[in-house]
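Indexing begins at 1, ligand by ligand and atom by atom, following the structure's order. Worth saying up front: this structure is predicted, and the values here are computed from it rather than measured. The chain is numbered in sequence order, starting from 1.
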Amino acid sequence: MTANSLHARDIAYLVHQQTDIAAYQDTGGTLMARGEGVYVFDETGRRYLEAMAGLWCASLGFSEKRLADAAYKQLLELPYYHTFFAKGHLPSVDLAEKLVKLAPVPMSKVLFQCSGSEANDAAIKLVWYYHNAIGKPAKKKIIGRVRGYHGNTVASVSVSGQPHMVADFDLPLPGFLHTDNPNYYRFSHDGESEAEYSTRLADNLEQLILREGPDTIGAFFGEPVQGGGGAITPPDTYWEKIQAVLQKYDILFVADEVICGFGRTGAMWGSQTYDLKPDMISCAKALSAAYQPISALLINDKIHDAMLAESRKIGSFGHGFTYGAHPVACAVALETLAIYAERNIVEHVASVSPAFLSGLKALESHPLVGNARGVGLIAGVELMADKATRTPFDPAQKIGVLVQDKCQEAGLIVRAIGDRIAFTPPLIITEAQIADMLVMFRQGLDAAWAELQGTKAAAAE
Ligand SMILES: Cc1ncc(COP(=O)(O)O)c(C=O)c1O
């Protein structure tokens, strides 16, 4: 690395997010220069199939000109306006209407922010606001799940269940609780069926609520498919049983559709795939195919009626962001939704999903792979030290990172979440590209396995 090279300047000036920044000082990283369809190219021109769509978000790939044109057109027309103080602009109205009409359950209104974290942060504030409005000020605690992920603001990371994201930040905030992770393969007892596992998890949730006092629990946050936890699909009957507990104790349900929304699960919403009946829905990422930072929080009548009552009392709804409902982001989101409809993106996901899921499942024959499971175009592959006994690797071995790195050497970008490898390719991926993806994944697994065997042999000598 020469002193003034791109990589040297990167290390000198930029803090990389969610990165071991101490190691980065020595290793540096990969810097992308351009994109084309499902591929990205680094600054040396090397091509990678982006099987994570960036951060589960570039749903239309990396070169959709119509989205660039929509942004440019809006930039010329009205590059900025806000929705504060009884003002607004056209694209935000169109997008809000579209989202309410598209919602999987009856929804009343939409609030716009710039990120998934902010959408969930707003949802948390509204849980508190709502309970003040209806005269239940003690009902404020919020339940998330172990390894759930809802964002990185102070509140959204508190409802997330990611220990390394709260360590030494003096978080989570008080009043945030966590219930079990839904990973059946990893956490079920021997011989326990999926339905039995779900019953156990719903019972545990109920016990947690009873211990804390149902009158203190305001809301439960859940992703239909847990993303940052490792692309974990729920076991059979899980959501039915969890929702029954929430209804029994009058607890609001916030469905975090930031990853699942807009086709990822093979339906428009994860809530449709799993028959969820949330009071609020947060969405982002594929809302604009990630070409602009925008998120939406959909709220039902119950929440909105309470907001009206509070606004009458206080004289204002005292919440908002300068760039919430940014017109350029709204215009790009509108164009994204138009493309989804024109190109039947949801149907496309459903049609290529069997090749994607069965191809990954077939890799369960690989010595490193214990389990592969997913829905639509999202899947997690669990790497195991001993499949027969479901014994994981020692986390210190960082097998997930080894596989991730070997995949990248093979030209494939995947993400290691501990020892789970996550896949969420752009929704436009074709069957032929899925076949290539599977070949490269096998190459990555084989290379990691060979290295592991070499290390073992060397240790034995
Ligand atoms: C389910 C879920 N919710 C919220 C977020 C946070 O979104 P953002 O990074 O846009 O703040 C993410 C990000 O990955 C997510 O996966």
Could you go through Phe321 and His319, starting from their C-alpha distance and side-chain angles, then the distance that decides it, and tell me whether this counts as ring pair (Phe, Tyr, Trp, His ring centres under 6.0 Å)? CA-CA 7 Å; Phe321 303 100; His319 171 90; 5.4 Å; yes

Just checking, any donor-acceptor pair under 3.5 angstrom between side chains of Tyr184 and Asn181? no

How long is the straight-line distance from CZ of Arg47 back to CG of Asp42, given to the nearest 0.5 Å? 12.5 Å

Any Lys/Arg nitrogen of Arg415 or Glu50 sitting under 4.0 Å from an Asp/Glu carboxylate oxygen of the other? no

Using 30° and 60° as the class limits, which term best fits the ring planes of Phe262 and Trp269: parallel, tilted or perpendicular? tilted

Chain-and-number sorted residues having a heavy-atom contact under 4.0 Å with ligand 1 are Ser115, Gly116, Ser117, Asn120, Tyr149, His150, Gly151, Glu223, Asp256, Val258, Ile259, Lys285

When you check the side-chain N and O atoms of Asp10 and Tyr24, is any donor under 3.5 Å from an acceptor? yes

